[in-house]
There are 2 protein chains.
Amino acid sequence: MSSAAKTLELLAHFSTTWPEIGLSQLCKMAKRDKATTYRHLQALEETGLIEQNPMTKRYRLGPAILQLAQTREATVPRKLGVQAPLFELANAAGETCHVTVLSGTTVYELASCDSPKHGTRAIIDIQTFPLHATASGLCTVAFGPETLMEVALSNLRQFTATTATTAQDLHAAIQTIRNTGFGRADRSYETEVQGLSAPIYDQTGHLAGAVSVASVAARFTPELERVIQNELMIAARQISKNWGGTIPAHIEALWAKSLTSENVLETAS
Amino acid sequence: MSSAAKTLELLAHFSTTWPEIGLSQLCKMAKRDKATTYRHLQALEETGLIEQNPMTKRYRLGPAILQLAQTREATVPRKLGVQAPLFELANAAGETCHVTVLSGTTVYELASCDSPKHGTRAIIDIQTFPLHATASGLCTVAFGPETLMEVALSNLRQFTATTATTAQDLHAAIQTIRNTGFGRADRSYETEVQGLSAPIYDQTGHLAGAVSVASVAARFTPELERVIQNELMIAARQISKNWGGTIPAHIEALWAKSLTSENVLETAS
DNA sequence: TATTATCGGTTCATATATTGAACCACTGTT
DNA sequence: AACAGTGGTTCAATATATGAACCGATAATA
C-alpha cells in the first residue's frame with residue numbers, strides 16, 4: 001500500500017462521533033506507528049485537510065475540506081435535489097432514510113433523514129456501506145457495474161446471523177433483488193434493522209446510487225413494506241430526475257410486476 | 001517533500017473553473033511525471049476523494065469530500081454564523097466580500113458574497129490568499145501568530161506594481177495595519193482591486209480569520225473607505241460572537257482611534 | 001488511407017523516501 | 001518522586017516511490 005493511501009485513510013477516522021483525535025489515540029485506531037502517523041498528519045495539515053486544535057493539541061478536519069466540498073457540489077450537484085424527496089420519504093415511511101452514491105467500487109452515504117414518527121429509530125453511523133450486508137449495497141451490486149460482484153464476494157464479513165457469508169447466499173440475494181427491483185436486507189447488517197432500497201440513475205444512464213429506508217425490524221410488516229416500496233419508487237424517480245437521469249424501463253417493469261404480485265400474495269394470505 | 005503531500009497537492013488543482021481534469025493535463029499543471037501522477041490519482045480515488053467521470057475519463061472531486069465537510073462543519077461550525085453578517089456587509093458596502101480562516105500558516109477562503117449594487121465586481125478566484133499581497137493575508141499576519149511574518153517573508157511574489165516585495169515594504173504595511181486595526185491592500189494583488197479587512201476571533205482568544213471587502217479601485221474614495229470600515233467592524237464583531245469569541249479590547253481601541261483620526265483627516269482635506 | 005499527435009494507462013531497473021524502535025521533553029496523577 | 005500519559009524527534013534498515021520508455025486506443029491531420 002502506498003504511503004499516500006495510508007495517509008488518506010487517516011481521514012476516515014474523523015466523524016461526528018469522533019470529531020477530534022489525539023496523536024496517540026489515532027495510532028491505536030489506525031494500528032500504525034506513532035512516528036509514521038505523525039508525519040502523515042503533518043502532510044494532511046500542510047494541505048489544510050486537517051488542523052490541530054490549538055487548545056487541546058488534538059487533530060480535527062481542516063478548512064480546506066469545505067472548499068473542496070463546495071467545488072464538488074458545484075461540479076456534480078448531488079445533495080441538491082436529494083433533500084426534498086428524502087424528507088418526503090422519511091415522513092411517508094415513518095422511518096430513517098438514506099441516499100447513497102456509488103463511486104468506483106464503494107458505496108458512500110450522501111445524506112440521511114430521520115422521521116419523527118417513532119421514538120425508536122434505526123441509526124446507521126457509517127460512512128461506507130458494505131456491499132453484501134445492506135439494502136443500499138445489495139441494490140447497488142444488483143444494478144451497478146458487473147465488477148461489483150467480485151468486490152462484494154471478496155469481503156463477506158459477517159455482521160449478524162442473516163448476513164450473506166457465502167457466494168451462494170449472496171448470489172441468491174442479488175437474484176431476488178434483480179427480480180423485484182428493490183434492494184432488501186433482512187437484519188443482515190444490524191439485528192434490529194430491516195432495509196429496503198431502490199436504485200437511482202444519473203445522466204450517464206448508469207446506476208448512480210440508491211435510496212433506502214431503514215425500518216426498525218420489530219414493526220416491519222408486509223403492509224409497511226408495500227407502503228415503503230411505493231414511496232421508494234417515488235423518491236428514486238424524483239432523485240434520478242434531479243440528477244439528470246431516469247429510471248430505466250426494465251426497472252420500472254420490475255416494480256410494476258413486483259407490486260402486483262405482492263398484491264396477489266397479500267390478497268391470498 | 002513526502003509523496004503523501006505531493007498526492008494531496010493534486011486536490012488543490014480542482015476548482016469551480018477547472019472542475020474536471022484529465023491525467024495529461026494534470027501532469028502539466030502539477031509539473032509532475034505521468035506515472036507518478038497516475039498512481040497518486042489512484043490513491044485519491046481509492047479513498048473517494050476524487051473519482052473518474054466514466055464518460056470523459058477525466059478526474060473530478062469525489063463524494064467522500066462531502067462527508068468530510070459535513071463532519072468538519074459539525075465539529076467546527078464556521079460557515080454557520082458567517083452567511084448573515086457577510087450578506088449584510090456586502091449590501092452595506094456595495095462590494096464583494098470574503099471571509100477567510102487561518103489554519104496553520106495558510107489563509108483559506110471560507111465564504112464570499114457579491115453585492116448586486118454595481119455591474120462591475122471584484123472577483124477573487126483563489127483558494128488560499130497570499131499573506132503579503134491581500135488585505136485578508138496582511139490582516140492575518142498583523143494580528144495572528146508571530147511566526148506568520150517569517151512565512152510571509154519567505155514568499156514575496158510580485159503580483160502588481162504595489163505588491164510588497166521587500167522585507168521593509170512588508171514590515172511597513174503590517175505596521176500600518178497594527179496601528180489602524182484594519183487590513184489594507186492598495187491594488188497589491190490585482191491592479192483594479194482595493195482591499196480592506198478586519199480580524200475575527202474565536203473561543204481560543206486567538207485570531208481565527210478575517211472578513212474583507214474587495215472594492216473596485218476606480219470607485220474607491222475616502223468616504224467609501226469610512227463606510228466600509230464601519231461595516232467591517234460590525235461584521236467582525238458579529239462573526240467573532242458567532243464563533244464563540246470577541247474582538248480584543250486593544251483592537252476595539254485601534255478601531256475607535258482609527259475612525260476618529262480619519263474624521264479629522266477628512267475634515268481637514 | 002496512412003500519418004501523426006494525442007490520450008489514459010503500464011512496466012521495471014534505479015534510487016530515494018518511508019519506516020518504527022527507542023528516545024526526549026513536558027504535564028498531570030498518584 | 002516515581003509514574004503514566006501526552007506530543008514530538010532521531011537514525012539505521014529497508015521498503016517504497018520514481019520516471020523514461022512503452023503500449024493500445026482514439027482522433028485529428030495530410
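Order of the sequence lines sets the chain letters (A, B, ...), proteins ahead of strands, with each chain counted from 1.
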What verdict does the side-chain contact (heavy atoms from CB on, under 4.5 Å) test give for B/Leu61 and B/Leu49, after you've listed the backbone C-alpha separation in whole Å, the side-chain angles of each residue and the deciding distance to 0.1 Å? CA-CA 6 Å; B/Leu61 295 173; B/Leu49 260 53; over 6 Å; no
Would you confirm whether [X], through its side chain, and [Y], through its main-chain N or O, come within 3.5 Å as a donor-acceptor pair?
X	Y	answer
A/Thr105	A/Leu148	no
A/Thr106	A/Leu102	no
B/Arg157	B/Thr163	no

Can you pull out every ring-ring contact (aromatic ring centres under 6.0 Å, His included) where at least one residue sits in residues 126-147 of chain B? Sequence neighbours excluded, please.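 Output for this query lists B/His98-B/Phe129, B/His132-B/Phe159.
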Go through the structure and list residues passing side chain to side chain contact (heavy atoms under 4.5 Å, CB included) with [X], not counting sequence neighbours.
X	result
B/Arg78	B/Arg72, B/Glu73, B/Val76, B/Val101, B/Leu110, B/Asp202, B/Ala208, B/Trp243
B/Ala236	B/Ala198, B/Val211, B/Ile247, B/Trp255
B/Gln238	B/Pro85, B/Lys241, B/Asn242

Identify the 5'-most and 3'-most nucleotides of DNA chain D with at least one atom closer than 4.0 Å to a non-hydrogen atom of chain A.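 Contacts span D/dT6 to D/dA17, reading 5' to 3'.
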Of A/Gln42 and B/His40, whose nearest nucleotide on DNA chain D comes first from the 5' end?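 Mapping each residue to its closest nucleotide by heavy atoms, the 5'-most match is A/Gln42.
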Mind running a 4.0 Å heavy-atom check of residues 50-60 of chain A against DNA chain D and sending the residues that fall below it, in number order?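 Nucleic-acid contacts, sorted: A/Gln52, A/Tyr59.
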Regarding B/Arg39, tell me which of base, sugar-phosphate or nothing describes its non-hydrogen contacts under 4.0 Å with the strands shown.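 Base, at least one base atom sits under 4.0 Å.
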Have a look at B/Lys28 and say if it touches a base, only the backbone sugar-phosphate, or nothing, with a 4.0 Å heavy-atom cut-off.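 Here B/Lys28 touches the backbone only, sparing every base.
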Taking all heavy atoms of [X] and all of [Y], pick out the closest pair and write down the distance.
X	Y	answer
B/Ala43	A/Ser2	CB-OG, 4.1 Å
A/Pro199	A/Leu207	CB-CD1, 3.6 Å
B/Ala142	B/Arg178	O-NE, 2.8 Å

In this structure, how many angstroms lie between the C1' atom of C/dG8 and the CG atom of B/Leu41, rounded?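 It is 11 Å, rounded to the nearest whole Å.
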Spell out protein contact along nucleotides 22-30 of chain C as letters: B when the base is contacted, S when just the sugar-phosphate is, - when no protein heavy atom is under 4.0 Å; keep the 5' to 3' order. ---------
Please work out which residues in residues 19-27 of chain A have a non-hydrogen atom less than 4.0 Å from an atom of DNA chain C and list them by number.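 Heavy-atom cutoff 4.0 Å gives no residues at all.
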Side chains of residues 17-28 of chain B: which donor-acceptor pairs under 3.5 Å do they make with residues two or more places apart or in other chains?
| residue | atom | partner | partner atom | Å |
| --- | --- | --- | --- | --- |
| B/Thr17 | OG1 | B/Ser15 | OG | 3.0 |
| B/Thr17 | OG1 | B/Asp125 | OD2 | 3.4 |
| B/Glu20 | OE1 | B/Thr56 | OG1 | 3.1 |
| B/Glu20 | OE1 | B/Arg58 | NE | 3.4 |
| B/Glu20 | OE2 | B/Asn53 | ND2 | 2.6 |

Can A/Thr165 and A/Gln158 be said to form a side chain to side chain donor-acceptor pair (under 3.5 Å), step by step? CA-CA 6 Å; A/Thr165 53; A/Gln158 180 151 33; 5.0 Å; no
List in chain and number order the residues that pass side chain to side chain donor-acceptor pair (under 3.5 Å) with A/Glu190, two or more places apart in sequence or in another chain; answer none if no residue qualifies.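 Result, side chain to side chain donor-acceptor pair (under 3.5 Å) vs A/Glu190: none returned.
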Which residues share a side chain to side chain donor-acceptor pair (under 3.5 Å) with A/Gln70, sequence neighbours left out: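 A/Gln70 satisfies side chain to side chain donor-acceptor pair (under 3.5 Å) with B/Lys79 only.
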Over its full length, what angle do the end axes of the helix from C/dT1-D/dA30 to C/dT30-D/dA1 make, each axis taken from five pairs and the result rounded to 10 degrees?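 Here the local axes at opposite ends form an angle of 30°.
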